[in-house]
Amino acid sequence: MRTDVNRPAGADRGSLTIFVVFFAITALALASLLVDLGNAVNAQERAADLAEQAARAAADTINVAALRNGDVQIDTARACGNAEKIIQDYHQNSGVDAAMTQPCTFQGPGPRQVTVFVSVTTTPVITAAFGSFTMHAHESACAEFGINQGVGC
C-alpha cells in the first residue's frame, strides 16, 4: 500500500460526521420552512372559509318586522352579532386564533348584502428558535340574502 508521506495517519477521521451533521441541520431547517409555508397557506384558507360562513350567517339574519311589511332586508342590528358568534364558536372549538377585524358592512337596498372581515393568526414553527413571531391571514367575504349562487363583492 502506498501512503502519503505528508498526511498523518487518520487525518480524514470525522470529516464524514461533520458533513452528516451539517446535512441533517439543513434538512431539518428546510422541512420546518415547508411546514411553516403549509401553515401559512392553511391559515389563509381557514380565514376565507370562516369569513364565508360568517357572511352567510349574517345574511341569514332577516328583519322580521320589515318582512311582515313586504320588504326583505337583513337585520343590521343582529347580523354582525351572528357573524361574530360563528367566529367565536370556531375559535373556541378548534383552538385557532380567529377574530373579526372590522365591523360588518352592508350594501344594497334594504340592505340585502353584508361583508364580513376575518383574521386568523398562526405562529410559525421555525421562528420559535429566533423569538416570537406571528403571521396574520386576513380575508373578507360577502353574502346576499336570497341569492344561492354567490355574489360579487
Side-chain angles (χ1 to χ4, degrees), residues 14-153:
S15 61
L16 184 62
T17 303
I18 293 172
F19 174 75
V20 169
V21 168
F22 177 74
F23 181 75
I25 290 172
T26 303
L28 286 174
L30 290 175
S32 63
L33 285 173
L34 192 63
V35 168
D36 285 344
L37 180 63
N39 284 341
V41 170
N42 191 14
Q44 195 74 31
E45 290 176 0
R46 282 185 186 183
D49 181 50
L50 192 54
E52 290 170 0
Q53 291 179 33
R56 281 191 292 271
D60 197 34
T61 309
I62 304 302
N63 186 337
V64 177
L67 183 61
R68 289 185 179 146
N69 293 329
D71 189 21
V72 180
Q73 62 185 7
I74 297 171
D75 186 353
T76 57
R78 295 183 350 199
C80 277
N82 285 352
E84 180 70 33
K85 184 178 181 335
I86 293 288
I87 295 168
Q88 287 176 353
D89 287 348
Y90 184 80
H91 172 69
Q92 290 173 352
N93 294 332
S94 69
V96 173
D97 188 12
M100 279 183 73
T101 56
Q102 299 177 32
C104 299
T105 59
F106 300 95
Q107 298 91 19
R112 293 179 59 96
Q113 185 176 340
V114 61
T115 303
V116 177
F117 304 91
V118 175
S119 174
V120 172
T121 304
T122 59
T123 304
V125 176
I126 189 70
T127 57
F130 303 114
S132 174
F133 177 72
T134 57
M135 293 185 302
H136 303 281
H138 302 283
E139 285 291 334
S140 65
C142 62
E144 187 170 338
F145 171 77
I147 302 295
N148 61 6
Q149 296 177 352
V151 63
C153 293

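Considering every non-hydrogen atom in both A48 and E139, the closest pair reads N-CG, 3.5 Å. Between V116 and A54, the shortest heavy-atom distance links the atoms CG1-CB, 3.8 Å. Across all non-hydrogen atoms, the minimal contact from P111 to Q107 is CB-O, 3.5 Å. Heavy atoms only, all atoms of each residue included: H136 and H138 are closest at CB-NE2, 3.5 Å. Of all heavy-atom pairs between C142 and T115, the closest is CB-OG1, 3.4 Å. Summarising the geometry of A51 relative to S140, their closest heavy-atom pair is CB-C, 4.1 Å, with the distance given to 0.1 Å.
Atoms CG and CG, on D49 and N42 in that order, are 10.5 Å from each other to the nearest 0.5 Å. Put simply, CG on D36 and OG1 on T123 are 10.0 Å apart, with the number rounded to the nearest 0.5 Å. Taking CZ from R46 and OG from S119, the interatomic distance works out to 13.0 Å, rounded to the nearest 0.5 Å. I86 contributes atom CD1, which lies 13.0 Å from atom CD of E52 (distance to the nearest 0.5 angstrom). In this structure, CE on M100 lies 15.0 Å from NE2 on H91, to the nearest 0.5 angstrom. Rounded to the nearest 0.5 angstrom, I62 CD1 and R112 CZ are separated by 8.0 Å.
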Which atom pairs, one a donor and one an acceptor, fall under 3.5 Å between side chains of residues 19-27 and the rest of the protein, sequence neighbours left out?
{"from": "T26", "atom 1": "OG1", "to": "F22", "atom 2": "O", "distance (Å)": "2.9"}

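Taking 4.5 Å as the limit, every side-chain heavy atom of Y90 sits out of range of all side-chain heavy atoms of Q53. Contact of the R56 side chain with the D60 side chain is not registered, since no non-hydrogen atoms from C-beta on lie closer than 4.5 Å.
Each of N82, T105, I74, T76 was compared with V114 under the side chain to side chain contact (heavy atoms under 4.5 Å, CB included) criterion, and only I74 meets it.
Residues forming a side chain to side chain donor-acceptor pair (under 3.5 Å) with Q73 (at least two apart in sequence, or on another chain): none.
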With side-chain contact (heavy atoms from CB on, under 4.5 Å) as the criterion, how do L30 and L34 come out once you've worked through the C-alpha distance, each side chain's angles and the decisive distance to 0.1 Å? CA-CA 6 Å; L30 290 175; L34 192 63; over 6 Å; no
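Residue pairs meeting the salt bridge (Lys or Arg N to Asp or Glu O under 4.0 Å) criterion with at least one member in residues 80-99, sequence neighbours excluded: K85-D89.
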